[in-house]
Amino acid sequence: MARFYLKFAALFALIGSSLCALYTDPSQLPSTTTYDYIIVGAGTAGNVIASRLTEDPLIQVLVLEAGVDDANVQAAIAPFLAPSLTPGTIYDWGYNTVAQSNLNNRVLPYPRGKILGGSSTANYMIHQYGSSEDWDKIAADTGNVNWSWNNIKQYIPVHEKMVAPTDGHDTTGQYIPGNHGTNGKLGVSLPGNSQTIDAKVIATTSLLTEFPFNPDTGGGSVLGIGWAQSSIAAGVRTSSSTGYLRPVLSRPNLSVVLNATVRKLIPNAPVNGLPSFNGVQFGSFNGPAFLVFATREIVLSAGSIGTPQILLLSGVGPTADLSALSIPTIINNPSVGKNLSDHLLLPNNFIVSGTDTLDDVARGTTFAAALSQWVTSKTGVIANTVANHLGFLRLPSTASIFTTVPDPSTGPTASHWELVVSNFFLNPAVAMPSTGNYLTVSSIVISPTSRGTVKLASIDPFAAPIINPNFLSTTFDVFCLREAVKAVKRFVAASPWANWVTGPYGALAATSDDASIDSYVRSTAGSIYHPVGTASMTSNTASYGVVNPDLRLKGAVGVRIADASVLPTLPNGHTQGPVYLLAERAAMLIKAAQ
Ligand SMILES: Cc1cc2nc3c(=O)[nH]c(=O)nc-3n(C[C@H](O)[C@H](O)[C@H](O)COP(=O)(O)OP(=O)(O)OC[C@H]3O[C@@H](n4cnc5c(N)ncnc54)[C@H](O)[C@@H]3O)c2cc1C
Ligand SMILES: *[C@@H]1O[C@H](CO)[C@@H](O)[C@H](O)[C@H]1NC(C)=O
Ligand SMILES: *[C@@H]1O[C@H](CO)[C@@H](O)[C@H](O)[C@H]1NC(C)=O
Ligand SMILES: *[C@@H]1O[C@H](CO)[C@@H](O)[C@H](O)[C@H]1NC(C)=O
Ligand SMILES: *[C@@H]1O[C@H](CO)[C@@H](O)[C@H](O)[C@H]1NC(C)=O
């Protein structure tokens, strides 16, 4: 499917753009080499911070971004084209995992946006903020009450701009307006393209008590199934680029450079006996190296893969690993690149007898007409993301796993797994069938206990690091996904689906007992691309971790980290919303220290 999408995206790509205050190559940067702040990565978090810091005209900010411009990249604008943006395009870092020993040794693509807006420009646009208990756990674990939900939720109204869905339908009962902002930076909306299965999902929630209706999964209370909220407004993707950066690119004190890969941080003289960093070395692939300096702080916002890679290249990490590559250790910190946590996704495909599905659009038969509708009116299938409903569920408290394993959810009202309903065949691990109509009910491990690593493969900053999410390496994760498959089968066996779902498709059809389900999982599951934890935030006194609760790099002066890498535990949900709130708070912390 990705290949198909790509063909059309390229065919319809609009050419030409004006670049405002954006430099497309490091060589264009004026000779200024000193800025108040240097932000590494114009991604989800980086652009929030750049935008907030330059609200003060006296503060000079340089943003260094390895990727390309997002302007006029149609697949980054038209929501339903998201699957064509990654993996393996110029908008993707092109990472792969190492062979996953618990997934039949499969090597999984591990996309990350390499484009202005970072992964917010390349993702699937599902948008919520996790469970209140995710934030309360961070507050408790870090010993800093200001990370609690009660404090964090103040950033929702400054971040979010909830708008009517593009089809203008009545959204009463589909979300709780009081949970949301209408005046923030990022446009967010409910699904803008109604479909026959919507009513079946809602009917199922009133029939089966294990799948209750949740009137708003974006308000901190995640349990139950509800209407998806997404970073889409007026039928087009919103991102940290469109919402935060582009609107302020004309600020004279903001410089953004594309094609600018940061190679490493450069130390300065120690401050109060602590190592300090103020220099950033960067350049384009095969281009010359440039050096710039931050008089106040360097903010690393290169994401869960880029941030630990840059730290390691700069001599911040486990000494043994650094020595093996002859990198002098500046700070011995064994936590850098460790505790990688990610959500494992299992798309469960069903054959359906209904014909009102999106399969013909996805496989191309009716794509041109759908795209033309979107081009003309920004409505229809293309104006929407890949799911209208999702929800968060717990394993029963009586589940046998809890006799041997502590409950890994972040709290009693947080979930163990997620269910996402898509009205077509959506499965990165399996080729789309050339005919037929399908339903995909994905199950995702939300509270995994597997932990992985990001390590350097080489001292070459342009070489991909070694990424090992170590999926399904714990009995909890295996148990959780197995039970989720059984629950998904119960979901589609509910009466509203009786004249719709014909039966399971592909390897799912061969599942009966636990062993066959486990085998299906190993053959099909993959990442939903939510890595966190590789530069974890821990308390000031913890014996491990990479940043303190004020997001400052432990044991150093001059560096903060603000991106998904600092989240110590996965949120109950898709990760962009939590990263946006974290970035708003990071900007506040940085300003408060001025
Ligand atoms: C395909 C895909 C689908 C997803 N779907 C969803 C979804 O539907 N909903 C959701 O909530 N989340 C989704 N996510 C996850 C979500 O997008 C990310 O968790 C979030 O955007 C991460 O934000 P970040 O700021 O940590 O990193 P990013 O947004 O990735 O930003 C990092 C930036 O740093 C740049 N960078 C990295 N290294 C360097 C370097 N050395 N020098 C200079 N620049 C560098 C990168 O190019 C990038 O622009 C998805 C992710 C992907 C990849
Ligand atoms: C939390 O924030 C308040 C207000 O900014 C501040 O006064 C307080 O010191 C913070 N608490 C911690 C533990 O950082
Ligand atoms: C920032 O703005 C000030 C005036 O407000 C100006 O003197 C300075 O040159 C600007 N710096 C940059 C990098 O644009
Ligand atoms: C980035 O810079 C390199 C070296 O100057 C150049 O070859 C390449 O085309 C540039 N890439 C983009 C996307 O501009
Ligand atoms: C990983 O996180 C756990 C807590 O979840 C902690 O005990 C452990 O020390 C961390 N490992 C490293 C290397 O930081």
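In each ligand, atom 1 is the first atom listed, and ligand 1 is the first ligand listed.
The structure places OH of Tyr91 at 12.0 Å from OG1 of Thr86, a figure rounded to the nearest 0.5 Å. One finds the CG atom of Leu108 at 4.0 Å from the OG1 atom of Thr97 (value rounded to the nearest 0.5 Å). The CG atom of Asp56 sits 6.0 Å away from atom CD of Gln594, with the distance rounded to the nearest 0.5 Å. Note that the CD atom of Glu133 and the CG atom of Asn572 stand 8.0 Å from one another [nearest 0.5 Å].
In this model, no donor atom of one side chain and acceptor atom of the other lie less than 3.5 Å apart for Thr142 and Asn144. Side-chain atoms of Glu418 and Ser443 include no donor-acceptor pair closer than 3.5 Å. Between the side chains of Ser27 and Asp25, a donor-acceptor pair is found at a separation under 3.5 Å. Side-chain atoms of Asp342 and Tyr110 include a donor-acceptor pair closer than 3.5 Å. Residues Asn468 and Gln100 have side chains that bring a donor and an acceptor to within less than 3.5 angstrom of each other. Between the side chains of Gln28 and Thr24, a donor-acceptor pair is found at a separation under 3.5 Å. Side-chain contact of Ser148 with Asp136: a donor-acceptor pair under 3.5 Å is absent, judged by distance alone. In summary, the side chains of Asn47 and Ser240 do present a donor paired with an acceptor at a separation below 3.5 Å, with no hydrogens or angles considered.
The protein atom (non-hydrogen) at minimum distance from atom 41 (N) of ligand 1 is Val262 O, 3.2 Å. In terms of protein heavy-atom proximity, atom 9 (O) of ligand 2 is nearest to Asn146 ND2, 4.8 Å. Looking at atom 9 (N) of ligand 1, its nearest protein heavy atom turns out to be Ile126 O, 2.8 Å. Closest to atom 2 (C) of ligand 1, if we only count protein heavy atoms, is Tyr529 CD1, 3.5 Å. Shortest contact from atom 4 (C) of ligand 1 to any protein heavy atom: Asn123 CB, 3.1 Å. Summary of contacts: the protein heavy atom closest to atom 30 (O) of ligand 1 is Ser119 OG, 2.8 Å. What sits closest to atom 44 (N) of ligand 1 on the protein, heavy atoms only, is Ala66 N, 3.2 Å. Distance from atom 27 (O) of ligand 1 to its nearest protein heavy atom, with residue and atom name: Gly303 CA, 3.7 Å. With hydrogens left out, the protein atom closest to atom 23 (O) of ligand 1 is Thr44 OG1, 3.1 Å, a heavy atom. Looking only at heavy atoms of the protein, atom 12 (C) of ligand 4 is closest to Asn259 ND2, 3.3 Å.
In this structure, His180 has its ring center at least 6.0 angstrom away from the ring center of His159. Taking the centre of each ring, His574 and His530 come in below the 6.0 Å mark. A distance of 6.0 Å or more separates the ring centres of Tyr124 and Phe80.
At least one heavy atom of Trp93 sits under 4.0 Å from some atom of ligand 1. Heavy-atom distances between Ser284 and ligand 4 reach below 4.0 Å in at least one pair. At least one heavy atom of Ile115 sits closer than 4.0 Å to an atom of ligand 1. In this structure, Gly46 has no heavy atom closer than 4.0 Å to ligand 1. Ala583 does not count as a contact of ligand 1, since none of its heavy atoms falls under 4.0 Å from the ligand. Not a single heavy atom of His127 sits under 4.0 Å from any atom of ligand 1.
Those atoms of ligand 1 that come under 4.0 Å of a heavy atom in Gly113, given as number and element, are 46 (C), 47 (O), 48 (C), 49 (O). If you number the atoms of ligand 1 from 1 as listed, the ones under 4.0 Å from a heavy atom of Ile310 come out as 40 (C), 41 (N). Close contacts between ligand 1 and Lys114 involve ligand atoms 47 (O) [criterion: under 4.0 Å to a heavy atom]. Taking every non-hydrogen atom of Ala260 and a distance limit under 4.0 Å, the qualifying atoms of ligand 1 come out as 42 (N), 43 (C). Residue Arg112 approaches ligand 1 through these ligand atoms, each under 4.0 Å from one of its heavy atoms: 51 (C), 53 (C). Remark: ligand 4 atoms within the under-4.0 Å shell around heavy atoms of Val68 are 13 (C).
Residue-level proximity to ligand 1 for Leu64 is carried by the backbone, the only part with a heavy atom below 4.0 angstrom. Contacts between Asp25 and ligand 4 below 4.0 angstrom, taking non-hydrogen atoms only, involve the side chain exclusively. When heavy-atom distances to ligand 1 are checked against a 4.0 Å cut-off, Pro531 has no atom that comes that close, whether in backbone or side chain. If you look at Met125 next to ligand 1, the close heavy atoms, those under 4.0 Å, all belong to the backbone.
Between the choices Leu567, Thr575, Val420, the shortest heavy-atom distance to atom 16 (C) of ligand 1 belongs to Thr575. In this comparison of Ala564, Ser231, Gly577, the heavy atom closest to atom 26 (O) of ligand 1 sits on Ala564. In the candidate list Gly306, Gly41, Ser301, Ser301 is nearest to atom 32 (C) of ligand 1, counting heavy atoms. Nearest to atom 25 (O) of ligand 1 by heavy atom, out of Ala45, Gly283, Pro111, is Ala45.
Between Glu160 and Lys185 there is no salt bridge, since no side-chain nitrogen of the basic residue lies less than 4.0 Å from a carboxylate oxygen of the acidic one. Electrostatic pairing of Glu65 and Lys114 does not count as a salt bridge here, judged by no charged N lying under 4.0 Å from a carboxylate O. A salt bridge links Asp69 to Arg246: one of the charged nitrogens lies within less than 4.0 Å of a carboxylate oxygen.
Considering both main-chain and side-chain atoms, Thr261 never comes within under 3.5 Å of ligand 1 through any nitrogen or oxygen pair. Residue Gln576 places at least one N or O, backbone or side chain, under 3.5 Å from an N or O of ligand 1. For the pair Val40 and ligand 1, the shortest N or O to N or O distance does not fall below 3.5 Å. In terms of polar-atom proximity, Tyr124 is counted as a contact of ligand 1, with an N or O under 3.5 Å from an N or O of the ligand. Polar contact check, Ser565 against ligand 1: no nitrogen or oxygen pair lies under 3.5 Å apart.
The two atoms that bring Ser442 and Pro347 nearest to each other are OG-CA, 3.6 Å, heavy atoms only.
Looking at Asn339, its side chain never comes within 3.5 Å of a backbone N or O of Ser536 through a donor-acceptor pair.
Proximity of atom 2 (O) of ligand 2 to the protein is indicated by at least one non-hydrogen atom lying closer than 4.0 angstrom. Distance check on atom 14 (O) of ligand 4: some protein heavy atom falls below the 4.0 Å cut-off. In this structure, atom 7 (O) of ligand 4 is not in close contact with the protein, since no protein heavy atom lies within 4.0 Å of it.
Across Ile466, Ile305, Val454, a single residue satisfies side chain to side chain contact (heavy atoms under 4.5 Å, CB included) together with Tyr95, and that is Ile305.
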